[in-house]
Amino acid sequence: MNIRNLQPSDNAAIERIIRECLIEFGGNRAGLAWEDESLSHLADYYNAEGRAYWVVEQDGRIVGGCGIAPFAESSEVCELQKMYLLQEARGTGAAAALLDEALGFARIHYRQCYLETLTTMVAANRFYAKHGFAQLDAPLAGTEHYACDAWYIKQLNGG
């Protein structure tokens, strides 16, 4: 397993993975990342201060990724974004390795890390709780993905 920064040549592969996972979990609908205009050019979107996106490769093939970006242009709160893994990569430690990379970056730039997901992604919800994310009763103000129904926050020591 290799984790590295997203390159422009990875855009199509990571967009395909995100869309495939959204279909799998019923997320191919309005109000979710499905409609995100940046999906076809994530390398451009994450090429800015306080933003980064990583992909995980197994056997020379991209099988997932995740990003960190400011939440609602906050300088204090970031969002863990578009963390998706193909089914073949789940349970391999790839998710934990990606999260470690992302939170390492987030601690340097932010005080809190927020994320939005779906309750239908049961394993993901357990994963976030296991890694110290506290579930919220409602989304933070400024959310883009109004169709999500599970929200989490984690305190960071950076900022």
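Note that SG of C148 is 5.0 Å distant from CG of L32, once rounded to the nearest 0.5 Å. Residue I62 holds its CD1 atom at 10.0 Å from CG of L86, rounded to the nearest 0.5 Å. Put simply, CD on E101 and CG on N5 are 7.0 Å apart, with the number rounded to the nearest 0.5 Å. To the nearest 0.5 Å, the span separating CD1 on I68 from NE2 on H109 amounts to 10.0 Å. Atoms CD and CG, on E76 and L156 in that order, are 10.5 Å from each other to the nearest 0.5 Å. Atoms CD and SG, from Q81 and C66 in turn, are 10.0 Å apart once rounded to the nearest 0.5 Å.
The aromatic rings of Y128 and Y152 sit tilted relative to each other, their planes meeting at an angle between 30° and 60°.
In this structure, E116 does not pair ionically with K82, as no charged nitrogen and carboxylate oxygen lie closer than 4.0 Å. Between E73 and R51, at least one side-chain N (NZ, or NE/NH1/NH2) sits under 4.0 Å from a carboxylate O, which counts as a salt bridge. Salt bridge annotation for E88-R61: present, with a cationic side-chain nitrogen under 4.0 angstrom from a carboxylate oxygen. The pair D10-R4 counts as a salt bridge, with a side-chain nitrogen and a carboxylate oxygen less than 4.0 angstrom apart.
Under a 3.5 Å cut-off, the side chain of T143 and the backbone N or O of L140 do not form any donor-acceptor pair. Without hydrogens or angle criteria, D149 side chain to T119 main chain gives a donor-acceptor distance under 3.5 Å. The closest donor-acceptor contact from the side chain of N11 to the backbone of A43 lies under 3.5 Å.
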